[in-house]
Amino acid sequence: MTKTLILLFHPDLSRSNANAALAAAAARLPDIEVVDMQSAYHGGIDMFRDGESEAARLLAAGRIVLQFPVQWYSTLPLLKAWQDAVLTRMFYINYETEGRVLEGTELMVAATAGNVPEAYRAGGRNMFEIEALFAPLRATANRCGLEWSPPFVIYEADKLPPEALKAAAEGYADRLAAWIASTPTREAKVA
């Protein structure tokens with residue numbers, strides 16, 4: 001089985017309940033690699049200094065998950081910087097040897113949101129459905145030829161009692177296992 005790569009973008013995982021629980025549940029599954037990107041790139045990410053190793057990490061995976069808390073209706077700055085550094089390198093500078101090879105890879109977003117589900121709907125407090133907030137990521141997936149999978153979202157992530165958080169983490173692990181079992185995988189290739 002080809003591994004599934006979870007790139008976890010959280011500004012301080014030691015202060016996270018939800019993202020830490022999700023990552024721990026996912027890490028118990030076979031052939032899953034969870035990478036704490038803030039730990040790896042606490043000083044920022046650079047296309048020239050870090051791009052090659054990040055491209056190799058993506059090419060070694062059969063599936064990719066971008067996991068992050070939604071903040072101010074968007075992704076975190078490090079995730080955007082990662083896109084700028086890694087995807088720009090792969091799809092504009094080294095397309096033939098990296099970008100083309102990554103095409104066809106399955107991509108899932110796993111996100112946590114602090115508000116209730118009802119806030120993320122037309123007419124709700126946040127005006128938009130949560131998936132509408134992921135439009136830039138979906139457009140990026142489309143541009144890069146990645147296969148978009150329906151996102152996994154946990155609402156009220158910072159307010160969940162321990163038993164609900166445990167159930168949410170188990171739900172994430174179940175969703176990942178079902179996704180892995182039901183989606184084709186691009187054979188991993190190291191650049």
Side-chain angles (χ1 to χ4, degrees), residues 4-27 29 32 34-42 44-45 63-88 105-144 146-180 182-183:
T4 299
L5 175 65
I6 299 176
L7 300 177
L8 172 55
F9 295 88
H10 191 284
D12 185 355
L13 201 54
S14 69
R15 297 180 61 163
S16 167
N17 288 328
N19 276 281
L22 295 180
L29 294 173
I32 297 265
V34 179
V35 180
D36 178 354
M37 298 299 283
Q38 187 66 41
S39 269
Y41 297 105
H42 59 275
I45 189 166
R63 290 176 190 81
I64 302 163
V65 178
L66 301 176
Q67 182 182 322
F68 58 92
V70 175
Q71 291 185 346
W72 287 108
Y73 312 106
S74 188
T75 63
L76 296 170
L78 183 59
L79 176 47
K80 178 61 170 101
W82 176 88
Q83 289 176 274
D84 290 344
V86 180
L87 299 180
T88 298
T105 302
E106 294 284 333
L107 176 70
M108 180 194 297
V109 164
T112 57
N115 213 332
V116 296
E118 297 77 30
Y120 293 97
R121 62 179 170 79
R125 177 143 177 94
N126 296 323
M127 289 181 46
F128 298 97
E129 292 181 15
I130 194 91
E131 286 200 43
L133 301 179
F134 301 147
L137 291 172
R138 191 166 187 179
T140 299
N142 179 68
R143 168 59 186 86
C144 296
L146 305 176
E147 298 298 324
W148 181 261
S149 295
F152 179 87
V153 181
I154 293 182
Y155 298 94
E156 299 181 273
D158 57 340
K159 299 168 192 72
L160 293 176
E163 63 278 358
L165 186 57
K166 181 179 179 196
E170 289 171 2
Y172 181 48
D174 290 345
R175 171 70 187 284
L176 285 170
W179 179 59
I180 291 166
S182 69
T183 57

Please report the C-alpha distance between Val153 and Val70 in whole Å, then the side-chain angles of each, then the deciding distance to 0.1 Å, and finally whether the side chain to side chain contact (heavy atoms under 4.5 Å, CB included) criterion is met. CA-CA 10 Å; Val153 181; Val70 175; over 6 Å; no
Provide the closest heavy-atom pair for Ala26 versus Val34 in the form atom of the first, atom of the second, distance. CB-CG2, 4.5 Å
Distance, nearest 0.5 Å, that separates CE of Met37 from CH2 of Trp82: 7.0 Å
Nearest 0.5 angstrom please: Thr112 OG1 to Asn17 CG, how far? 10.5 Å
Is there a side chain to side chain contact (heavy atoms under 4.5 Å, CB included) between Glu147 and Thr183 once you walk through the steps? CA-CA 10 Å; Glu147 298 298 324; Thr183 57; over 6 Å; no
Check whether any side-chain heavy atom of Leu7 lies under 4.5 Å from a side-chain heavy atom of Phe68, and answer yes or no. no
Gap between atom CD1 of Ile45 and atom CD of Gln83 - 0.5 Å precision: 11.0 Å
With a 6.0 Å cut-off (strictly less than), is the heavy-atom count around NZ of Lys159, excluding the residue itself, greater than 12? yes
So which pairs with a foot in residues 114-139 pass side chain to side chain donor-acceptor pair (under 3.5 Å), sequence neighbours left out? Tyr73-Asn126
Non-hydrogen atoms of Leu8 and Ala23 that approach each other most closely: CD2-CB, 3.8 Å
Step-by-step side chain to side chain contact (heavy atoms under 4.5 Å, CB included) determination, Ile6 to Leu176: CA-CA 10 Å; Ile6 299 176; Leu176 285 170; 3.9 Å; yes
Between Phe9 and Asn19, is any pair of side-chain heavy atoms under 4.5 Å apart? no
Measure the spacing between CG of Leu78 and NE2 of His10 and express it to the nearest 0.5 Å. 12.5 Å
Heavy-atom closest contact (Ile32 atom, Leu29 atom, distance): CG1-CB, 3.6 Å
What is the distance from atom CG of Leu107 to atom CG of Leu5, rounded to the nearest 0.5 Å? 10.5 Å
Does any non-hydrogen side-chain atom of Pro11 lie less than 4.5 Å from one of Leu76? yes
Could you state the interatomic distance from OG (Ser182) to CD (Glu106), rounded to the nearest 0.5 Å? 8.0 Å
Mind listing the closest non-hydrogen atom pair of Ala169 and Ala25 along with its distance? O-CB, 3.4 Å
Taking C-beta and beyond as the side chain, do Phe152 and Val65 meet within less than 4.5 Å on heavy atoms? no
Smallest heavy-atom separation, Ala113 atom then Ile130 atom, equals CB-CD1, 4.2 Å
Using side chain to side chain contact (heavy atoms under 4.5 Å, CB included), reason through Leu66 and Thr75 one step at a time and then give a plain yes or no. CA-CA 10 Å; Leu66 301 176; Thr75 63; over 6 Å; no
